[in-house]
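Working notes for the structure below.
First the proteins, then the strands, lettered A, B, ... as listed; each starts at 1.
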Number of protein chains: 2
Amino acid sequence: MKSSREPTGPARNAAQTRERILAAARVRFSRHSYENVGTRDVAADAGVDAALVSRYFGSKEKLFAAVIEGGFRVEEHLSEHLSGLGKHLVDQVLGDAREAAGFDALRVLLRAAGNPAIAPLVAGQFQREFVRPLARLLRGRDAEARAALIAAYVIGLATMRHGLDAPAWTGASGRKAAALAAAAIQACV
Amino acid sequence: MKSSREPTGPARNAAQTRERILAAARVRFSRHSYENVGTRDVAADAGVDAALVSRYFGSKEKLFAAVIEGGFRVEEHLSEHLSGLGKHLVDQVLGDAREAAGFDALRVLLRAAGNPAIAPLVAGQFQREFVRPLARLLRGRDAEARAALIAAYVIGLATMRHGLDAPAWTGASGRKAAALAAAAIQACV
DNA sequence: GCCATAAGTCATCAATCGATGACTTCAAGT
DNA sequence: ACTTGAAGTCATCGATTGATGACTTATGGC
């Protein structure tokens, strides 16, 4: 039963266990706020003992830092061609949870904006891995301001869609709103 | 010392005490996430005993509901003239905490998007008091989608400014970004 | 001036949280 | 095969939380 996961693996594999905890934490933190995620929950999802969370990551805050580390990496998502940036970003953000692989961290971000100990962490990461690279890609006048504007848009869309489940973003009118959002972002490019 | 607050008031005034708790909770909830606000903190800020919070509001969740009740009320903010809507909203959202009287609830909203028990509460309130009235004001084609777009923008701006303290929104480049944001919102009107 | 009732205070409970240390079990090196 | 150290388990601590009930104090009608 339990060994029906990884093909090989001597049942006791520290690296694999660590990775399982990290994966479970990534999911938990992207669906609930920082305070509402317990180390016991993460351990249960990962199928390991609760004590291993503290053992491998030191503390819950360290675990959180490991989750958001390198989680945004927008560059690879949009470095291809700027012409479809608006639609691409909107699709990624408004898309379902399963897809949008690289945007788990975005959901993590908007769940963590309330904790004074966590917010600076995630804010810095977001600035470093999203806003700044985006500004560098945009070039031209006021690139920084336009990048910040796009970032605000992305966060707002993600909050309404995943944080508040606003009805306006699902169904027929949601497609229209998504198209408008894509155009608005594209206007900043 | 203690009586240097309200001019008159027989020291034991239930309504006044209740209002003090509510005011303190409003401030707390707008600065910290739902879980990070303790009933003891609120009571301490209000200068009352901690037990009175549960006595007057029943529970922490009821207190939260009382805080966000009628907190958005955008209509009076923008019913005047739609021509200056973009600038007006941006000024309100990006403005300092002291001003922006009616927008405390917006900060409360973006702090509470992570709690599955609270998010529907605040989402419904936001939809009822902001998005829907705004859509009714906009009229024309796709009014609902455009209202949702403006709402997403407002939430994104508020999150970056008050939730993440993004540096791009302060200083000189912040003014440029604010102007761009105002124009973008105005384009949805 | 008294007294019934509302308002406020205090102590405390039960649950949950993150974290720690001692103990047990497995896997690998020789 | 035996030993050694890592990997995993278990029990539990201390702090904090929301909430409750019994108790004390002040207020206003008579």
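- Taking only side-chain atoms of A14(B), from C-beta outward, the nucleotide of dA7(C), dC26(C), dG18(D) with the closest atom is dA7(C).
- The side chain of T39(A) places no N or O atom within less than 4.0 Å of a non-bridging phosphate oxygen (OP1 or OP2) of dC17(C).
- In this structure, N115(B) places its CG atom 12 Å from P of dG18(D), rounding to the nearest Å.
- Among the protein residues, V37(B) comes within range of the sugar-phosphate backbone only, with heavy atoms under 4.0 Å from sugar or phosphate atoms but none that close to a base.
- Of the side-chain N and O atoms in T17(A), none sit less than 4.0 angstrom from OP1 or OP2 of dA7(D).
- Here dG18(C) presents its P atom at 11 Å from CZ of R28(A), a figure rounded to the nearest Å.
- For D49(A) and dT20(C), the CG to P distance is 15 Å, given to the nearest whole Å.
- dT16(D) atom P lies 16 Å from atom CD of E35(A), rounded to whole Å.
- Transitive grouping of hydrophobic side chains (ILVMFWY, heavy atoms separated by less than 4.5 Å) keeps V27(A) and V93(A) in distinct clusters.
- In the hydrophobic clustering of ILVMFWY residues, with side-chain heavy atoms under 4.5 Å counting as a link, I155(B) and V189(B) come out together.
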Full working for side-chain contact (heavy atoms from CB on, under 4.5 Å) between L106(B) and F130(B): CA-CA 10 Å; L106(B) 192 62; F130(B) 190 103; 5.9 Å; no

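- A heavy atom lying under 4.0 Å from DNA chain C marks the following residues of residues 50-59 of chain B, by number: A51(B), L52(B), R55(B), Y56(B).
- Distance F64(B) CZ to dT17(D) C1': 18 Å, rounded to the nearest Å.
- As a whole-Å value, the separation of K60(B) NZ from dT17(D) P is 9 Å.
- The distance between atom CD1 of I21(B) and atom P of dT9(C), rounded to the nearest whole Å, is 10 Å.
- Side-chain atoms of R40(B) lie closest to dT12(C) of the nucleotides dT9(C), dT27(D), dT12(C).
- Hydrophobic clustering of Ile, Leu, Val, Met, Phe, Trp and Tyr side chains at less than 4.5 Å, counting indirect connections, unites L137(B) with L149(B).
- The 12-atom threshold is not exceeded at CD of E144(B), counting heavy atoms of other residues, nucleotides or ligands nearer than 6.0 Å.
- Between K60(A) and the choices V42(A), T39(A), I118(A), the side-chain contact (heavy atoms from CB on, under 4.5 Å) rule is met once, by T39(A).
- Between the CZ atom of R12(B) and the P atom of dT5(C) there is a distance of 16 Å, rounded to whole Å.
- Relative orientation of the F29(B) and Y34(B) rings is parallel, given thresholds of 30° and 60° on the angle between their planes.
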